[in-house]
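What follows is a set of notes on a single structure, which appears directly below.
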Amino acid sequence: MELMLNKLKSTVTKVTADVTSAVMGNPVTREFDVGRHIASGGNKLAWKIFNGFKKSTKQEVAVFVFDKKLMDKYQKFEKDQIIDCLKRGVQQLTRLRHPRLLTVQHPLEESRDCLAFCTEPVSASLANILGNWENLPSPLPSDIKDYNLYDVETKYGLLQVSEGLSFLHSSVKMVHGNLTPENIILNKSGAWKIMGFDFCIQSLNPSEQEPKFSSKEWDPNLPSLCLPNPQYLAPEYILSVSCETASDMYSLGAIIYAIFNNGKPIFEVNKQDIYKSFSRQLDQLSRLNSSNLQNIPDDVREHVKLLLNVTPAVRPDADQMTKIPFFDNVGAMTLQYFDSLFQRDNLQKSQFFKGLPKVLPKLPKRVIVQRILPCLTSEFVNPDMVPFVLPNVLLIAEECTKEEYIKLILPDLSPVFRQQEPIQASNMILLIFLQKMDLLLTKTPPDEIKNSVLPMVYRALEAPSIQIQELCLNIIPTFANLIDYPSMKNSLIPRIKNACLQTSSLAVRVNSLVCLGKILEYLDKWFVLDDILPFLQQIPSKEPAVLMGILGIYKCTFSHKKLGITKEQLAGKVLPHLIPLSIENNLNLNQFNSFISVIKEMLNKLEAEHKTKLEQIHVMQEQQKSLDLTNQMKPLEESKISNIGNQVDKTFSNLGMLTCRPDCKENGMMTNQRKGSLTLEEKQKLAKEQEQAQKLKNQQPLKPQPHAIIAPVKQTKDLTDTLRENIASLTTQPINKPKVPSSASFSSVGIGMGFSSSVENTKRNGLNANMGFQPSGFGMGIGTTSQNFFGSTGVTGMVNMNMLPTANMPSYSSLNTTSAVQQSRPPDMSSLDSLFGPQKPKVSMNQLSQQKTNQWLNQFTPPQGTNSCPLGTQMNVMGQTGFGLQGNPFFNPQNFTQPTNSMVNSSSASKDINDLFG
């Protein structure tokens, strides 16, 4: 990298030094800035050509510089001869004015170190193009090294030279005398221009007589710069010391030969013995045949052979050469017409420009850009011609790169973007630009788009011409993706809406809706919902095409995956607007079906979304209720445990025993109601009781659990007998010696405890306290051998209320008969006799299980559809009847399956638009 930078630095330094040493001090530098060395030209390629600019106008020029250092080897008088020869050529060129001659912008200026003059911008000399790189900068410029002449360039270049010679011979009566590739210059546009009039010969006769030219004898002692190039001289110059206009035609033939033979001249001349060389050349010319000209195209080969003829009279003149078929080429004729364009009127120009698009694809890009484009853009100053020129310019722009477009075309297009007069031409310009809008937005810089291109589109939307509005609306979707979002939102969309509302044309209104529908995908969701959809309700027209356009926008917004319409918008604005439109009398059956189809899709989506929302809310509410009930039950359970502990303490206190409540403090303090210390067995029992109480205190909240239905066990034992046996056992049991009952006897203990439950527990369980027994005992999991009091389902799975262990718990059958024990007398059985007296027959458990208990239980069962069942969700004490999980819809998962979304997405917004508008 450093090596490349050093090489570039040395090259720039060398070129700068070269320019400085050659031009510094020359008066030309007062008015012109001299740039880099680009080419060489003139006799012996002695003139270095630099690009430059005029300081005052910044106009581009070419600066020709002759460095006097080239004459260091000559004596003073020879130097003077060279300077005089060079001055004469430049002065003659300056006086002559013709399109085929190089145009001088500033006359020759001499300084101590150099000669310099300025001309029109130049690319290179023909000699440089053909491979003669003498006096060129190093490294060689790439535009010269890689330059290849196209066929059309060669043909038209030779035609231009022929036209220049025709001007010299016919109008000026002059022989050029040194027509060579060095003296043919290609300007920046690619046109071939003649220069190098150092050895020109003016006619001696007046203009009305036959021209006669004098010639000088060849002097080999003169410096080479004071002699013409002998390789392109006609033989008569040397052999007969004569010349005429045909001598220049011989030089033209030799140039044509060199062009088609890679720059090699037809004859090599020995400058030491020039007479002998020309004599040999004369002999070869007399025997010239087609084999010697095989590289020359067939359609010009015979003409070249005539031009190289020994006899001058046989050679075609310049005017005849311009008319040969070789130049009847479409490209050459097109370029020729452009050169004479200033001579044509507007009608001729318009006809030519109309046919030009058919010719442009046949021409090379460089020829189009260098030769045709400048001629076209120069016509932009004529407003009437802009509509005819503009399509060709845009056609060329399509083939250019973005950089070429910005540099070569955009500067001339910018004024055309803003052209509004005359009206007819302005409308045509708008139409042309709209048709090529994708090209403009792709290659034009963003700033220029914002300042010039988009304002033109806005003018088209507001134009009085319906045709322009329609075209603009049809074209906008094709380049909508290239428009920045702020411009679309703040400038383009409002104008489309105004065009739809204010126009009196149905076509413009429909196209406005279609345009909006096609560009929806480039807008954001909330802008569409807040700005586009409300606009649809403002359209007063009820024509079917307009209604279908409105429907299309709704459908595109509804089905587009990025947009979509919220259910609030559907329910509040969209459906109330669409449903009345669907029954308009102007709609046919297919159009009505389209409306109904979209409405149904919207309703399905509305139903699905809102139902899902409500179901989710319902589930959340039920879960919250369940959580609240659980939190409420926890302190009640703790209170129940505390009450049981108090009853136990009270019983032990009455029995003279010391116990510890389940909720006593951790320091293990005990009441001192009992006298003396406990035995080891009693301490172990009390410790286990404390541990069980602590487990019950830390028990997790109750959760509903599914259970298996167990077939009812038939009960044959009479209820009255069971109760009497329990009472009898209370009277006979010792007071001060409690025993640990077996699991078989604990069943009756549990039932006995059930009668001593508090009224609060009875109410909480939802059972009638007037029954004479409390169902709280059923919530205490007695064990697998216990039997359900109602004979329907066992309580095998009811472990949530199993507060005390079965194996280690002492018999507490007498807890509820404390008063009877203290009095030491038999209990009063009159109450039981009244309950089970003759007036009320005894009922066995088997009979009770066969009664219709459902009628009684139904008062606790929630009605169908009720989602709240406080007791049923917390305590499964009644099996599956009324309180079971299976009877509660809240715990039924299938009731809350998510509904499927019936909304069908469209493939794309554009497809929907086409379907609707088709």
Side-chain angles (χ1 to χ4, degrees), residues 485 488-489 493 496-497 500 513-539 542 546-584 587 591-625 865 867 889-890 892-917:
Y485 186 74
M488 179 177 290
K489 178 180 177 180
I493 297 295
I496 296 176
K497 292 164 58 178
C500 182
L513 294 173
V514 174
C515 179
L516 284 176
K518 290 182 178 180
I519 64 177
L520 284 177
E521 58 182 323
Y522 305 113
L523 306 176
D524 65 76
K525 176 178 180 178
W526 300 113
F527 177 74
V528 174
L529 296 181
D530 297 339
D531 195 87
I532 302 297
L533 298 189
F535 152 74
L536 300 178
Q537 302 181 15
Q538 303 173 13
I539 301 175
K542 301 298 181 182
V546 176
L547 297 182
M548 295 307 293
I550 294 173
L551 179 65
I553 293 178
Y554 276 129
K555 184 174 182 180
C556 286
T557 307
F558 173 74
S559 59
H560 196 278
K561 60 182 180 180
K562 187 185 78 171
L563 300 176
I565 305 177
T566 62
K567 61 184 179 64
E568 291 79 13
Q569 290 269 357
L570 287 176
K573 297 181 180 179
V574 177
L575 288 173
H577 183 217
L578 277 181
I579 293 175
L581 295 182
S582 66
I583 58 173
E584 285 291 331
L587 296 177
Q591 294 167 344
F592 171 75
N593 289 335
S594 298
F595 266 91
I596 294 301
S597 175
V598 175
I599 290 172
K600 286 181 178 179
E601 290 182 14
M602 292 180 175
L603 286 173
N604 290 337
K605 179 184 178 182
L606 179 64
E607 177 187 5
E609 288 189 1
H610 198 62
K611 185 176 180 180
T612 302
K613 176 184 176 182
L614 293 178
E615 288 178 345
Q616 292 174 349
I617 293 175
H618 178 73
V619 171
M620 293 173 61
Q621 290 175 346
E622 291 301 323
Q623 290 177 348
Q624 185 64 36
K625 288 181 181 179
N867 294 326
F890 179 80
N892 194 354
Q894 62 266 27
N895 291 341
F896 299 101
T897 54
Q898 297 294 332
T900 57
N901 193 346
S902 61
M903 182 178 66
V904 180
N905 292 328
S906 299
S907 60
S908 65
S910 61
K911 180 179 178 182
D912 293 333
I913 279 292
N914 292 332
D915 292 341
L916 288 176
F917 299 149

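Side chains included, hydrogens not; waters and symmetry mates left out as well; all remaining heavy atoms used.
- Using modelled atom types, one side-chain atom of Ser582 and one backbone atom of Ile579 make a donor-acceptor pair closer than 3.5 Å.
- Atom NZ of Lys542 has more than 12 neighbouring heavy atoms from other residues, nucleotides or ligands inside a 6.0 Å radius.
- At least one side-chain heavy atom of Lys611 sits under 4.5 Å from a side-chain heavy atom of Glu615.
- The two residues Val546 and Ile539 have their closest heavy-atom pair at CG1-CG2, 3.8 Å.
- In terms of heavy atoms, Ile493 sits closest to Asp531 at CG2-OD2, 4.4 Å.
- Looking only at side-chain heavy atoms (C-beta outward), Leu563 and Asp524 stay at 4.5 Å or farther from each other.
- Side chains of Leu606 and Leu575 form a contact here, defined as non-hydrogen atoms less than 4.5 Å apart.
- Between Lys525 and His560, every side-chain heavy-atom pair lies at or beyond the 4.5 Å cut-off.
- In this structure, Phe535 CZ and Ile550 CD1 are separated by 8.0 Å, a value rounded to the nearest 0.5 Å.
- Between atom CD of residue Glu607 and atom CG of residue Leu570 there is a gap of 13.0 Å, rounded to the nearest 0.5 Å.
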(Q) Under the criterion side chain to side chain contact (heavy atoms under 4.5 Å, CB included), I'd like the reasoning laid out for Ile519 against Ile496: C-alpha separation, chi angles, the key distance, then a yes or no. (A) CA-CA 11 Å; Ile519 64 177; Ile496 296 176; 4.2 Å; yes
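- Going from atom CD of Gln623 over to atom NE2 of His618 covers 10.0 Å, rounded to the nearest 0.5 Å.
- In this structure, Gln616 CD and Lys613 NZ are separated by 10.0 Å, a value rounded to the nearest 0.5 Å.
- Under a 3.5 Å cut-off, the side chain of Ser559 and the backbone N or O of Lys555 do form a donor-acceptor pair.
- Taking each heavy atom of Tyr554 and His577 in turn, the nearest pair found is OH-ND1, 2.8 Å.
- The OG1 atom of Thr557 lies 5.0 Å from the CG atom of Leu533; values are rounded to the nearest 0.5 Å.
- Here the side chain of Lys605 pairs a donor or acceptor atom with the backbone of Ile565 at under 3.5 angstrom.
- The two residues Leu581 and Phe595 make their nearest non-hydrogen contact at CB-CE2, 3.8 Å.
- Within 6.0 Å of the NZ atom in Lys497, the count of heavy atoms belonging to other residues, nucleotides or ligands exceeds 12.
- Here the straight-line distance linking atom CG of Leu587 with atom CG of Leu547 works out to 5.5 Å at 0.5 Å rounding.
- Side-chain contact check for Leu578 versus Met602: some heavy-atom pair is nearer than 4.5 Å.
- With contacts defined as side-chain heavy-atom distances shorter than 4.5 Å, the pair Tyr485/Phe527 qualifies.
- By the 6.0 Å contact criterion, CD on Glu568 is enclosed, its count of non-hydrogen atoms from other residues, nucleotides or ligands being greater than 12.
- Looking only at side-chain heavy atoms (C-beta outward), Leu523 and Lys489 stay at 4.5 Å or farther from each other.
- Looking only at side-chain heavy atoms (C-beta outward), Leu536 and Leu513 come within less than 4.5 Å of each other.
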Q: Go through Glu584 and Gln591 one step at a time and tell me if the side chain to side chain contact (heavy atoms under 4.5 Å, CB included) criterion holds.
A: CA-CA 10 Å; Glu584 285 291 331; Gln591 294 167 344; over 6 Å; no
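- Contact detail for Gly517 and Cys556: the closest heavy-atom pair is O-SG, 4.5 Å.
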